[in-house]
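See structure below.
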Amino acid sequence: MQNLRTPKLTVVGAGPGDVELITLKAIKALENADVVLYDALVNEELLQYAAQAEIVFVGKRLGCHAYTQDQINELIVSMANRYGHVVRLKGGDPFIFGRGSEEIEYSEKFGLETAVVPGISSALGVPASVGISLTQRKVAESFWVITGTTSSHELSKDVHLASKSAATVVILMGMHKLNEIVDIYKANRTDDLPIAIIQNGTKNSEQKVVGNISSITKLVAEKNISSPAIIVIGEVVKNTSKLTSYFQEHFEDEFIFQNLNL
Ligand SMILES: C[S@@+](CC[C@H](N)C(=O)[O-])C[C@H]1O[C@@H](n2cnc3c(N)ncnc32)[C@H](O)[C@@H]1O
């Protein structure tokens, strides 16, 4: 049967996990989709909004990619030409370590109309949801969002630069590099700099640990925290309302020590 709809790609951010943290515009795009291609970090409950659409999982599970990036690019174009409107649903925001721009670039080469619906990135939404304010007057004037795993599978060199500043640092895809990150901070800053790690933020399965540079690897092992998780490093971590009591309970000595040094 000939497709009567204009071939179109809309790259949509699904937000960090909680189904209520998606935008109205994203829901409208899903309702209007003929095909939805979605990733592993997307909350599958959101697929209810695309009841009429063909749904394809293209993400990574148990370490294996269902599709390579090249295959996803080709699938977008062939599905759009065959069915019409393809929604590419991605965790968080599609342009924050999401390869959304690559998919748009590829699709435009093949004449597809394209659009982007921004999402709440885990880099911003997850810290906020646990009460961490990434900037705070007189504490942190800026924040960095850095990848723990570059395309060559290495920790971004930006971590070295960021660790020398007073900025809050948010690291995505960094759990496999936690020891390396800790070593960089030990070399460039202090052992007692606060750090929080949140796994599956905003989902029912959320887990978090809060400690400092010298204690965090032990705490992560004790609580069995793993990916997907974000790492937040900086003084703002201990100034947060929801975490202060936790921090005091677990790190009373460091608190007293720091206060004496003020
Ligand atoms: C490929 S990146 C995609 C980021 C996504 N585009 C965003 O804006 O959130 C995947 C990484 O995002 C982080 N991440 C995504 N969702 C998360 C969540 N709900 N809780 C904690 N970390 C999350 C993890 O560091 C994970 O390894």
Side-chain angles (χ1 to χ4, degrees), residues 10-23 25-26 37-46 57-69 72-73 87-104 116-132 134 143-156 158-159 162 168-178 180-181 195-210 216 219-220 223-233 237 242-243:
T10 307
V11 177
V12 174
D18 180 336
V19 280
E20 294 186 359
L21 289 176
I22 192 169
T23 63
K25 202 168 184 120
L37 308 181
Y38 75 101
D39 282 345
L41 286 173
V42 167
N43 188 329
E44 288 182 332
E45 280 179 50
L46 292 170
F57 173 71
V58 294
K60 189 160 97 171
R61 256 182 211 147
L62 301 170
C64 295
H65 287 280
Y67 290 83
T68 64
Q69 188 61 49
I72 294 171
N73 292 347
V87 164
R88 183 71 177 92
L89 190 60
K90 290 169 173 285
D93 180 90
F95 282 9
I96 303 294
F97 304 124
R99 305 187 76 164
S101 57
E102 293 172 36
E103 293 174 9
I104 292 216
V116 182
V117 179
I120 299 178
S121 175
S122 61
L124 307 182
V126 171
S129 72
V130 297
I132 298 175
L134 295 181
F143 61 87
W144 297 53
V145 178
I146 310 178
T147 179
T149 313
T150 61
S151 51
S152 52
H153 307 292
E154 281 158 12
L155 181 69
S156 167
D158 289 349
V159 176
T168 306
V169 173
V170 181
I171 302 176
L172 274 64
M173 298 175 278
M175 289 308 283
H176 296 299
K177 300 283 189 332
L178 187 60
E180 216 179 308
I181 293 166
I195 171 168
I197 299 184
I198 305 121
Q199 179 183 4
N200 292 326
T202 79
K203 294 186 176 174
N204 292 336
S205 51
E206 175 177 296
Q207 282 221 85
K208 59 179 179 284
V209 280
V210 184
I216 197 69
L219 292 168
V220 162
K223 266 201 141 182
N224 206 14
I225 304 276
S226 59
S227 302
I230 65 159
I231 302 168
V232 186
I233 309 171
V237 169
K242 285 188 197 163
L243 295 179

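Counting convention: from 1, in listed order, for ligands and their atoms alike. None of the values given here were measured: they were computed from a predicted structure. All residue numbers refer to positions in the sequence shown, counting from 1.
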Measuring from [X]:[atom1] to [Y]:[atom2], what's the distance to the nearest 0.5 Å?
| X | Y | atom1 | atom2 | result |
| --- | --- | --- | --- | --- |
| Ile22 | Leu46 | CD1 | CG | 4.5 Å |
| Lys208 | Leu219 | NZ | CG | 14.0 Å |
| Phe57 | Leu37 | CZ | CG | 11.5 Å |
| Ile195 | Ile233 | CD1 | CD1 | 4.0 Å |
| Met173 | Ile231 | CE | CD1 | 11.0 Å |
| Ser121 | Lys90 | OG | NZ | 13.0 Å |

Q. Going by heavy atoms in the side chains, are Glu102 and Asn73 under 4.5 Å from each other?
A.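 When only atoms from C-beta onward are counted, Asn73 and Glu102 do not touch, as no gap falls below 4.5 Å.
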Any idea which protein heavy atom is nearest [atom], and the distance to it?
| atom | answer |
| --- | --- |
| atom 27 (O) of ligand 1 | Met173 CG, 3.3 Å |
| atom 18 (C) of ligand 1 | Gly201 N, 3.5 Å |
| atom 8 (O) of ligand 1 | Ser121 OG, 2.8 Å |
| atom 24 (C) of ligand 1 | Ala229 O, 3.5 Å |
| atom 1 (C) of ligand 1 | Phe97 O, 3.2 Å |
| atom 21 (C) of ligand 1 | Ile198 O, 3.4 Å |
| atom 10 (C) of ligand 1 | Leu41 CD1, 3.5 Å |
| atom 5 (C) of ligand 1 | Gly91 O, 3.2 Å |

Run the contact test for [X] against ligand 1 with a 4.0 Å cut-off on heavy atoms, strictly below, and give the result.
| X | value |
| --- | --- |
| Thr202 | no |
| Ser227 | no |
| Pro228 | yes |
| Lys90 | no |

Q: Could you name the option among Asn200, Ile96, Val145, Val42 that has the heavy atom nearest to atom 4 (C) of ligand 1?
A: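 Of the listed residues, Ile96 has the closest heavy atom.
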Q: Using a 4.0 Å heavy-atom cut-off, say whether Leu172 meets ligand 1 through its side chain, its backbone, both or neither.
A: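 The answer is both, backbone and side chain.
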Q | Ser122, portion touching ligand 1 at heavy-atom distance under 4.0 Å | A |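 Both backbone and side chain.
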**Q.** Heteroatom distance test (Asp93, ligand 1): nitrogen or oxygen, under 3.5 angstrom
**A.**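 N/O-N/O distance under 3.5 Å: yes.
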Q) Between Glu180 and Lys177, is there a side-chain N and carboxylate O pair less than 4.0 Å apart? A)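 Salt bridge between Glu180 and Lys177, a charged N being under 4.0 Å from a carboxylate O: no.
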Q. For ligand 1, which atoms have a heavy atom of Gly92 less than 4.0 angstrom away?
A.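 Listed by number with element: 7 (C), 8 (O), 9 (O).
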Q. Which of the numbered atoms in ligand 1 are below 4.0 angstrom from a heavy atom of Pro16?
A.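 Answer for ligand 1: 18 (C), 19 (N).
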Q | Qualifying residue, where the test is side chain to side chain contact (heavy atoms under 4.5 Å, CB included) with Arg88 and the options are Thr10, Asp39, Val12 | A |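 Filter result, single survivor: Asp39.
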(Q) For Ser156, run the side chain to side chain contact (heavy atoms under 4.5 Å, CB included) check against Thr150, Ile171, Thr149 and tell me which one passes. (A)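 With Ser156 as partner, Thr150, Ile171, Thr149 yield a single side chain to side chain contact (heavy atoms under 4.5 Å, CB included), made by Thr150.
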**Q.** Glu206 backbone acceptor or donor facing Asn200 side chain under 3.5 Å
**A.**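 No.
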